[in-house]
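Bear in mind the structure is a predicted one, so any value in this text is a computation, not a measurement. The chain is numbered in sequence order, starting from 1.
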Amino acid sequence: MWRVDPPAEQILPVLVLLMVFGLTLVIGGLARERRLLLLRLRREQDKLADQQDALAHAAVTEERTRIAHELHDVVAHGISVMTLGVGAGRMIMEKDPVRARETLRLAEESGRQALLELQRMLCLLRTEGSPGNRTPQPKLSDLSDLLSQVRTAGLMVDVIEDGRPVEIGLALELSAYRIVQEALSNTLRRARANSAHVTLRWRPGFLDVLVRDDGQVTTTATTGLLGMRERATLFGGTLEAEALPEGGFEVRARLPTAGEIRSVPRPSA
């Protein structure tokens, strides 16, 4: 039986065509896999973005709820002062009219302040059924206790008060205290910080609250910054936070103020 082998020049084109066809199939499969992977990646990115938005919204809602509860305590205190003042003024009206008028004036001011804080509270979310806090809300005069706790945790911290303090509402004073508290808590959480400095800078019409540390910024406490910004915005103020070129981290809040000069100096830290 005779066998006739085809010449090499006839086999080579066939092999080239087969190779091109095979490469085309492989490239097409890889391109299809790439499209599927990109589509899956976009879906995961969209899902992650939705989750981040949901977490940010939940953090803001939680912080607004906490602020609303604190404002509720401030309003309750103001109403109590107003009620006691009106009762005392009524009892001494005939015996000491001058003192009675002054007592009623103070009660009126307390009522106005309570109404203002109530209006602010109505602008915030509130969760029903959460337990009330019976302890008094902290004020700037309580910063010494806060700083003692921070020092016990291992962070050296001091406070400087610059300018002439003015009388401000309890809610604004509470927010200033909470901003300092949250900023120092963030410093402790970031770690690798040896010291922090708190400055209360009183200027006509506003109070600047500055908290600076010397730590190495590794992460940003987004939830804490959201909460501090919500507190500042509630009173028409601003809040900025940034890493410093020379190292460390600084939080700056500007809070509008109004009122008379304090007659009693604040206890030092």
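Hydrophobic clustering of Ile, Leu, Val, Met, Phe, Trp and Tyr side chains at less than 4.5 Å, counting indirect connections, keeps Leu104 apart from Leu106. Leu210 and Ile168 are assigned to two separate hydrophobic clusters, defined by single-linkage of ILVMFWY side chains at heavy-atom distances under 4.5 Å. Residue Leu255 is not grouped with residue Phe206 when hydrophobic side chains (ILVMFWY) are merged at heavy-atom distances under 4.5 angstrom, including chains of intermediate members.
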Please report the C-alpha distance between Glu250 and Arg252 in whole Å, then the side-chain angles of each, then the deciding distance to 0.1 Å, and finally whether the salt bridge (Lys or Arg N to Asp or Glu O under 4.0 Å) criterion is met. CA-CA 7 Å; Glu250 184 178 67; Arg252 300 185 299 273; 2.7 Å; yes
Take Val209 and Val180 through the side chain to side chain contact (heavy atoms under 4.5 Å, CB included) test and state the conclusion after the steps. CA-CA 7 Å; Val209 178; Val180 174; 3.5 Å; yes
Determine, step by step, whether Glu173 and Arg178 satisfy the salt bridge (Lys or Arg N to Asp or Glu O under 4.0 Å) criterion, reporting the C-alpha distance in whole Å, the side-chain angles of both residues, the deciding distance to 0.1 Å, and the verdict. CA-CA 9 Å; Glu173 194 165 359; Arg178 293 299 190 197; over 6 Å; no
**Item:** side chain to side chain contact (heavy atoms under 4.5 Å, CB included) assessment of His197 paired with Asp213
**Value:** CA-CA 6 Å; His197 304 277; Asp213 64 51; over 6 Å; no
- request: Walk me through it: do Val166 and Trp202 pass the test side chain to side chain contact (heavy atoms under 4.5 Å, CB included)?
  value: CA-CA 8 Å; Val166 299; Trp202 298 91; 3.7 Å; yes
- [ ] Test side chain to side chain contact (heavy atoms under 4.5 Å, CB included) on Leu147 and Val159 and set out the steps.
- [x] CA-CA 8 Å; Leu147 299 186; Val159 59; 3.6 Å; yes
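A donor-acceptor contact shorter than 3.5 Å links the side chain of Asp142 to the backbone of Lys139. Proximity of a side-chain donor or acceptor of Asp214 to a complementary backbone N or O of Asn194 within less than 3.5 Å is detected.
The CG atom of Leu225 sits 12.0 Å away from atom CD of Glu240, with the distance rounded to the nearest 0.5 Å. The distance from the CG atom of Leu140 to the CG atom of Leu174 is 9.0 Å, given to the nearest 0.5 Å. Rounding to the nearest 0.5 Å gives a distance of 12.5 Å between CG of Leu200 and OH of Tyr177. Note that CD of Glu230 is 10.5 Å distant from CG of Leu239, once rounded to the nearest 0.5 Å. In this structure, CE on Met91 lies 11.5 Å from OG1 on Thr103, to the nearest 0.5 angstrom. Here CD of Glu102 is found 11.0 Å from CG of Asp96. Values are rounded to the nearest 0.5 Å.
Closest approach of Met228 and Val251 over heavy atoms only: SD-CG1, 4.1 Å. Closest approach of Leu155 to Ala193, counting heavy atoms only: CD1-O, 3.5 Å. Taking every heavy atom of both residues into account, Gly236 and Pro256 meet most closely at O-CG, 3.7 Å.
Partners of Arg201 under the side-chain hydrogen bond (donor to acceptor under 3.5 Å, both in side chains) rule, at least two apart in sequence or in another chain, do not exist in this structure.
Side-chain contact between Leu184 and Val157: present, with at least one pair of heavy atoms (C-beta onward) separated by less than 4.5 Å.
Atom CZ of Arg99 has 12 or fewer heavy atoms from other residues, nucleotides or ligands within 6.0 Å.
Under a 4.0 Å N-O distance rule, the pair Glu33/Arg35 does not qualify as a salt bridge.
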